[in-house]
Structure formats: C-alpha cells, structure tokens
Amino acid sequence: MFNDFRSFIDELIKIGDIVKTTGADWNLEIGAVTELMALRRGPALLFDEVKGYPKGYRIASNVIMTPSRQKLAFGFPEGLSDLEIVRQWRGKFNQYRPLPPIEVKTGPIMENKSTGEAIDILKFPAPKWHHRDGGRYIGTGVVNIVRDPDDGWVNCGTYRVMVHNEKTLAYYVSPGKHANIIRQKYWAKGESCPVVMCFGQDLILFAMSGMGLPWHMAEMEVVGYLKNKPLEVIKGEITGLPIPATAEIAVEGFAPPPSVSCKPEGPFGEWTGYYASGAREEPIVDIKALYYRDDPIMHGHPPVPPPANSWWPIPIQTASLLWNRLEIVGIPGIQGVYTHGPGTRIVSVISIKQMYLGHANQVGALAISLLSGGSCTGRYAIVVDEDIDASNWDEVMWAMTTRCDPENSIQIVRGFLSSPLDPMLSPDKREAGDFTTAKVIINACRPYHWMKSFPPVNKATDELKKRVLEKWPHIFK
Ligand SMILES: Cc1cc2nc3c(=O)[nH]c(=O)nc-3n(C[C@H](O)[C@H](O)[C@H](O)COP(=O)(O)O)c2cc1C
C-alpha cells in the first residue's frame, strides 16, 4: 500500500495509467473530461495549469475508477476475482485489531499555512463538476474529521463540500450519518462543531471514510491496522483534531449551529445519477486555518452517471461489511455477497446453500436491514442459490428470471431510512421531511420444498469442460 496520495499518483505515472492535461477550465471542463474518461474506463487524470491557476495547483480524478487501479491502491494481486477480493477484505475485518494513529510534530501538510485574513480556499482550482451544480465543489475526494464531545471518538466521513467564498464552505451530511449525530451534540449545547477537512489524502483513509463502519469504530485506527503502520497525524492548533500529516490540502474550522449560520448547498450531480436534493440551507464551516503541501494535488472524486460507477468499482466497502454482518448473526450457508448498482450499494446479492425451509427469506430479510446508510442504499436484496456467482450480474439475472415466482417470491418492507438524495422521494414526502423508502426482498432460489425436482440446469459438466479445454487449448486462447 502507498504512503500517501501522491505516491499513488507517481506509481500511476510510472505505469502509464494516468494522463496529464493542461489548460482545462475548472468551470465544467474538468468535470466533463472526468465523466467521459470514466465512461470509457480509461486512465486516471491529472490536471495542471488549470485556467487562471498557476502550475503546480493540481487535481487528480478517476484515480480508482477501474478495478485494476483499485487493486493497485489496496494491494490486491491482479489475478483475484472480484468476489474473492470482497472475501479477502471481509477476512481482514474479521481479524481487526485497532492500531491508533501517532501524533507527530510536523509533516508535509505543514509546508504552507495561512490563518486569518490570508485564508483563501479559492487558491485551489475547485471544479464546478456538472453543469447544474450550484457551485464549486472542493470536497469530492474528501475526508471530514470530527470528535465526539462525549467520549473523544474521532470519526472520519466523506461528505461533499461546496465553496462559498475564500473562508466559507457548506457541506452536506445525510440524516443518520455519524458526523451528523456528532455535530448535533455540539449544537445542542449552543457550541460550534470543530471540523477538519482534507481534500486529498492516503487512499486507504479515503476508503475507510466512505465505508459505513460501525459507530465507535475509528477509521484512523482501521487505517493503521490495514497498513500495519500507524497513521501519522498532527494535532491541529485550532481544533485539537488530528490532521493526517501527508494530506495534500486541509482546513481546520468550525461548523456553527444552523440557527446561527447556514448557507445554500447544492444542487449537486449526485451518485444516484440525478440532482434529487436540489439546493438546501446546510451547515457551513468557517475556515480558521488552511494547510497545503507544495504543489498540492486535490483529489477529485465526483459522481459520474452509469454505467460508470461513482464509487469503488469492486464493492469492498459495502459487500464485505454486509457479508460479515450476516455471518456474525450466525446465518449458515452463505457462499458469496456482492453489491451492484450506482454506488455499488443499492442492490445486494447473497448466494446461499439452502439448508432449511425459509432460509432464503431469512437471509433476504436480514440483508435488507443490514445494508443501510444513505439514499436508497440496499433497496433490493436478492437471494440466489450457491451455483450463482453473486458478483456476476448476468447469472443473477438468470436466477431472478427463472427461479423467482413474482407472486410469492417478492416481498416489500416499508419505512426504512433513505435520504434527501433519493430520486424516488415524492414531492409530498420530501415536503414533509419523510426520507423513508420501501425495500424489496427477492427470493431467486429454487423453492426449497421441491428443490430436488426443480428442472436440471442445461450446461456441460465440469469434467467434460476440463476435458475439451485440454483437448483444444489453442481455440480457447
Ligand atoms: C465518494 C463519496 C461521496 C460521498 N458523499 C456523501 C455526502 O455528500 N453526504 C453523505 O452524507 N454521505 C456521503 N457519502 C457516504 C458516506 O461517506 C458514508 O456513508 C460514510 O460511511 C459516512 O461516514 P459515517 O459512517 O462515519 O457516518 C459519500 C461516500 C463516498 C465514497
């Protein structure tokens, strides 16, 4: 794994998997190039000499948009299947032992510092990514850091950040997210919530920040564990919060209670592929200190429309958690868990070896509750037999279309938390602040009680396939 964001970019330069571009405009051009390249599943992008900005103030986008770059970033060998990667990743979480960050006196992030009047976040070429966006978003590949005032737990989360002016940011945190719960605790006492935001950092930290880890699991400690090396942090002079020492750009500041100050946030082209949440009054961050490395590289990770995926191509952040949670509950027979759809989180597929009557429905009901967090997350849970590879959407479709009785195999459960980003929230529900959604459980397994007489599958046996592969190897090259 890599030491910091720029060492990963250096590696991409070395292997020729990143394209350098000069002269692009922050106003829509960077966003459009990013979208087009993501749709082509092409190389990563490094923008320099952005229009109106000096050389060296760079933005890197699409850095982990392909499975091969994701594998490189996380240290997975090329040959592993996507499902195997999810399996390995969940194994790591099963062995988890916290490795806390260590405080260091200084680090690269302190190479440049401004406070007071000198603070100017607009010195970085934050893009307006999509044409209906309400502003420039510096925070897309972002890590937001807050501390629980009750017990000191430090939480990292990825929440989009819009620039209002040189010293003010607005950020959007969905209901139920940990940073939302934490900042409310400060606000309930009439205090501002101390915040650190990093706009370019170690990709493992970024990954943990966007992963729905349980309450009280500290992302920075998980990073230490995964890298087998404590994350180096510098104690922020203003907030006391830990600032990752190798971050590219970071701010310290305070989010005042919404009753004191709020600003419009959005619209923003969202990960579902829509502008569902429009513009709302959202909490702001008053920047009190700005830090950045020489020749900083902002991490751009904006949503892009399907079939490109806005998040990780291999869903280690959602599928591995769901898999572990199902097993912790004690469910037998789980063969594979995978997630599909925008954000690789709307559809979960669980393949099982059916062992008893009702097994498939039990798994579906649990999965539908356990995969949660954010707009329409986990809206569909599909349970398939063990001969179906949960990561292979074509196989899942085959099971859904041939082993699922529309009358009896589909259940709808209601009243789960979604978010204002959900494009299917009706105007009435949105108006009433009712950000809930129904979810669907699809049992696409052979019916348990007549499984043995279910029509046999039409495909060559493994033994026959092996034999013909050996006999005519040249035609299968
Ligand atoms: C690229 C990316 C962008 C995200 N943007 C947002 C966002 O703007 N608002 C939000 O509430 N969650 C967003 N999320 C989801 C949260 O980061 C995720 O649910 C995370 O688990 C939140 O941290 P928490 O579990 O500590 O609450 C984003 C995730 C990723 C990977």
Side-chain angles (χ1 to χ4, degrees), residues 34 38 61-65 70 73 129-130 133-135 137-148 153-162 169-184 195 197-201 203-223 255 265-277 279-280 282-283 285 298-304 308-318 320-322 339 342-346 371-378 417-422 435:
T34 299
S61 65
N62 287 355
V63 296
I64 33 168
M65 287 303 236
Q70 188 185 353
W129 292 99
H130 322 97
D133 288 0
Y137 277 78
I138 189 164
T140 51
V142 56
V143 171
N144 304 30
I145 302 164
V146 287
R147 190 192 301 277
D148 188 323
W153 170 47
V154 172
N155 178 257
C156 299
T158 292
Y159 315 110
R160 71 199 198 201
V161 182
M162 177 174 148
L169 305 168
Y171 67 131
Y172 172 76
V173 187
S174 284
K177 300 286 160 118
H178 295 160
N180 212 346
I181 299 170
I182 291 172
R183 66 186 182 180
Q184 310 265 4
V195 179
M197 293 176 167
C198 303
F199 308 109
Q201 58 283 308
L203 284 167
I204 306 297
L205 177 61
F206 177 58
M208 291 309 100
S209 169
M211 190 164 168
L213 295 175
W215 179 254
H216 273 162
M217 193 159 171
E219 287 80 2
M220 288 186 173
E221 297 183 357
V222 183
V223 172
E265 189 279 328
F268 185 59
E270 290 157 353
W271 63 272
T272 55
Y274 300 90
Y275 287 89
S277 68
R280 290 140 284 97
E282 290 288 341
V285 171
M298 185 194 304
H299 180 193
H301 194 88
V304 285
N309 201 309
S310 297
W311 290 2
W312 313 100
I314 307 169
I316 53 175
Q317 83 288 15
T318 42
S320 56
L321 273 183
L322 177 60
T339 47
T344 46
R345 50 180 50 207
I346 295 184
L371 183 62
S372 60
S375 150
C376 48
T377 299
L417 179 62
S418 184
S419 91
L421 271 57
D422 187 343
F435 305 123

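FYI, the numbering just counts along the sequence from 1. Just follow the structure's listing: the first ligand is 1, and inside any ligand the first atom is 1.
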Practice task
For Tyr274, look at atom OH and say whether over 12 heavy atoms of other residues, nucleotides or ligands are found less than 6.0 Å away.
Solution key: no
Practice task
May I ask you to check if ligand 1 and Thr140 share an N or O to N or O distance below 3.5 Å?
Solution key: no
Problem - Check: Trp312 N/O within less than 3.5 Å of ligand 1 N/O - result: no
Note the single closest protein heavy atom to [atom], along with its residue, its atom name and the distance in Å.
{"atom": "atom 19 (O) of ligand 1", "answer": "Lys177 NZ, 2.8 Å"}
{"atom": "atom 29 (C) of ligand 1", "answer": "Trp311 CZ2, 3.3 Å"}
{"atom": "atom 3 (C) of ligand 1", "answer": "Thr158 CG2, 3.5 Å"}
{"atom": "atom 21 (O) of ligand 1", "answer": "Met211 O, 3.0 Å"}
{"atom": "atom 8 (O) of ligand 1", "answer": "Arg160 N, 2.8 Å"}
{"atom": "atom 20 (C) of ligand 1", "answer": "Ser209 O, 3.5 Å"}
{"atom": "atom 25 (O) of ligand 1", "answer": "His178 ND1, 3.5 Å"}
{"atom": "atom 9 (N) of ligand 1", "answer": "Tyr172 O, 3.0 Å"}

Exercise for the section: Look at the side chain of Glu265 and the backbone N and O of Tyr172, then say whether any donor-acceptor pair between them is shorter than 3.5 Å. Expected result: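 Here the side-chain-to-backbone pair does not exist.
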Taking only heavy atoms of [X] into account, list the atoms of ligand 1 that are under 4.0 Å away from them.
{"X": "His301", "value": "1 (C)"}
{"X": "Val173", "value": "11 (O)"}
{"X": "Ser174", "value": "10 (C), 11 (O)"}
{"X": "Cys156", "value": "26 (O)"}
{"X": "Gly157", "value": "23 (O)"}
{"X": "Asn155", "value": "26 (O)"}
{"X": "Gly212", "value": "21 (O), 25 (O)"}
{"X": "Glu219", "value": "26 (O)"}

Problem - Sub-4.0 Å heavy-atom contact, Gly343 with ligand 1 - result: no
Say you draw a straight line from [atom1] of [X] to [atom2] of [Y]; how long is it, rounded to the nearest 0.5 Å?
{"X": "Trp153", "Y": "Glu221", "atom1": "CH2", "atom2": "CD", "value": "10.5 Å"}
{"X": "Thr339", "Y": "Ile314", "atom1": "OG1", "atom2": "CD1", "value": "11.0 Å"}
{"X": "Tyr275", "Y": "Glu270", "atom1": "OH", "atom2": "CD", "value": "9.0 Å"}

Exercise for the section: Please determine which of Asn144, Ile182, Leu213 meets the side chain to side chain contact (heavy atoms under 4.5 Å, CB included) test together with Asn155. Expected result: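 Testing Asn155 for a side chain to side chain contact (heavy atoms under 4.5 Å, CB included) against Asn144, Ile182, Leu213 leaves exactly one candidate, Ile182.
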Practice task
Measure from the ring center of Tyr137 to the ring center of Phe268 and say whether it is less than 6.0 Å.
Solution key: yes
Handout entry: Worked check of side chain to side chain contact (heavy atoms under 4.5 Å, CB included) between His299 and Leu203
Key = CA-CA 10 Å; His299 180 193; Leu203 284 167; 3.8 Å; yes
Problem - Heavy-atom side-chain proximity of Val195 to Arg183 below 4.5 angstrom - result: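 Sidechains of Arg183 and Val195: no contact.
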Practice task
Give me the ring orientation class for Phe206 and His301: parallel if the planes are under 30° apart, tilted from 30 to 60°, perpendicular past 60°.
Solution key: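 Judged by the thresholds at 30° and 60°, the geometry between Phe206 and His301 is perpendicular.
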Problem - Cys156 and Met220: CA distance, side-chain angles, deciding distance, side chain to side chain contact (heavy atoms under 4.5 Å, CB included) verdict - result: CA-CA 8 Å; Cys156 299; Met220 288 186 173; 3.9 Å; yes
Exercise for the section: With heavy atoms only and a cut-off of under 4.0 Å, state how Tyr159 meets ligand 1: side chain, backbone, both or neither. Expected result: both
Exercise for the section: Quick one: do Thr158 and Ser209 satisfy side-chain hydrogen bond (donor to acceptor under 3.5 Å, both in side chains)? Show the steps, please. Expected result: CA-CA 5 Å; Thr158 292; Ser209 169; 2.8 Å; yes
